There are 2 protein chains.
Amino acid sequence: MLHYLANEGSTTLVELSHYLYVEKPTTTRTINRLEELGYVEHVPSRDKREKRMQLTVLGQQVYEEVRITIDAFEKDILTGISVEEQQDMVRIMQIIRANILK
Amino acid sequence: MLHYLANEGSTTLVELSHYLYVEKPTTTRTINRLEELGYVEHVPSRDKREKRMQLTVLGQQVYEEVRITIDAFEKDILTGISVEEQQDMVRIMQIIRANILK
DNA sequence: CCTAGATAGTTATCTTTGTTAACTGTTACC
DNA sequence: GGTAACAGTTAACAAAGATAACTATCTAGG
């Protein structure tokens, strides 16, 4: 979620639910917790139905820190696996996902 | 779990926990539910601490049926992915797991 | 042989993440 | 203006994971 917000700038819950392939209550719960933690905040939106959120300054900082940690972890667990193999993995998993979603 | 029991013949909870990489309470709960469903039963064991289980006749039947369903599903979601690619996936995921467990 | 430590498994409790169903408030379209 | 659709919320449930604490049993060493 932090990643999505860092990349997209802001998002609505329904948009985030679509991206994450989960139902809206799941997104509601998690985005509310990020809000409680001070990582995300409301953004004004024309559509009063919408709850548009963006990262706070704290959220951006936490995201950068977490990214470093996760990048190191991924580098570690991918030791011995070539970049080409990693790309193959991603490509194949995308095919599997597409097949599941048919 | 059914797969393991079908292949191994019988198992103890601690053995199954190791194989599944979960803590013993998780295995206890699930094996008890399989027992309630009539899919597994006790096997006499010298070590009274142990709870050695095997598939019942019903469990074997259910396992065969489920296997057919799952094999078809896997065949479906692996459409467009060669056997070699599948083998690469398994191999790479085994490396990742080994790296995680280090 | 007895005891202490280790082992196998159980139980209670908690957490997390997912869901469905039902709901409220808002928007858009006819 | 009314209705259907949409965005989001809430309650309740389920599943699967964990930890901590416990009991019963086994094993090894003194």
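Worth knowing before you read on, the calculation uses all heavy atoms, side chains too, and leaves out hydrogens, waters and symmetry mates. Since the model is a prediction, treat every value here as computed from it, not as a measurement.
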Minimum heavy-atom separation for B:Leu5 and B:Ile31, please, with both atom names.
CD1-CD1, 4.3 Å
A:Arg49 side-chain proximity, nearest of C:dT19, C:dT16, C:dT27:
C:dT27
Have a look at A:Ser10 and tell me which of A:Gln54, A:Glu15, A:Arg52 forms a side-chain hydrogen bond (donor to acceptor under 3.5 Å, both in side chains) with it.
A:Arg52
Which residue is it: B:Thr30, B:Asn32, B:Thr26, B:Thr27? I am looking for the one with a side chain to side chain contact (heavy atoms under 4.5 Å, CB included) to B:Leu13.
B:Thr27
Tell me what A:Thr12 touches on the nucleic acid: a base, only sugar-phosphate, or nothing, going by heavy atoms under 4.0 Å.
sugar-phosphate
Just checking, any donor-acceptor pair under 3.5 angstrom between side chains of A:His42 and A:Glu35?
yes
I'd like the 5' and 3' limits of the part of DNA chain D contacted by chain A, with heavy-atom contacts below 4.0 Å.
D:dC6 to D:dA12
Starting at atom CD of B:Glu23, determine the distance to atom C1' of C:dT11, rounded to an integer number of angstrom.
15 Å
Counting distance alone, no hydrogens or angles: does the base of C:dG9 have a donor or acceptor under 3.5 Å from a partner atom on the side chain of B:Lys51?
no
Which nucleotide, C:dG18, C:dT11, C:dT27, lies nearest any side-chain atom of B:Thr28?
C:dT11
Here the distance between atom C1' of C:dG9 and atom CZ of B:Arg52, to the nearest Å, is 14 Å
Could you pick out which residue, A:Asp47 or A:Pro25, lies toward the 5' side of DNA chain C when each is mapped onto its nearest nucleotide?
A:Pro25
Interatomic distance, A:Lys24 NZ vs C:dC23 C1' [rounded to whole Å]
12 Å
Could you verify whether a donor N or O on one side chain and an acceptor N or O on the other, from B:Glu41 and B:Thr56, lie under 3.5 Å apart?
no
How long is the line joining CG of B:Asn32 and P of C:dA12, in whole Å?
12 Å
Please give, in whole Å, the distance from C:dT10 C1' to B:His42 NE2?
12 Å
Using whole Å, report how far CG of A:Leu20 lies from P of C:dT17.
12 Å
Taking the six-membered ring of A:Tyr39 as reference, does the cationic atom of A:Arg33 (NZ for Lys, CZ for Arg) lie under 6.0 Å from its centre and within 45° of its axis?
no
What's the CZ-P distance between B:Arg46 and C:dT7, to the nearest Å?
18 Å
Check: B:Glu50/B:Ser45 side-chain N/O donor and acceptor closer than 3.5 Å
yes
When you measure from the side-chain N and O atoms of B:Arg29 to the phosphate of C:dT10, is any distance below 4.0 Å, counting only OP1 and OP2?
no
Separation of C:dA8 P from B:Ile31 CD1 (nearest whole Å)
16 Å
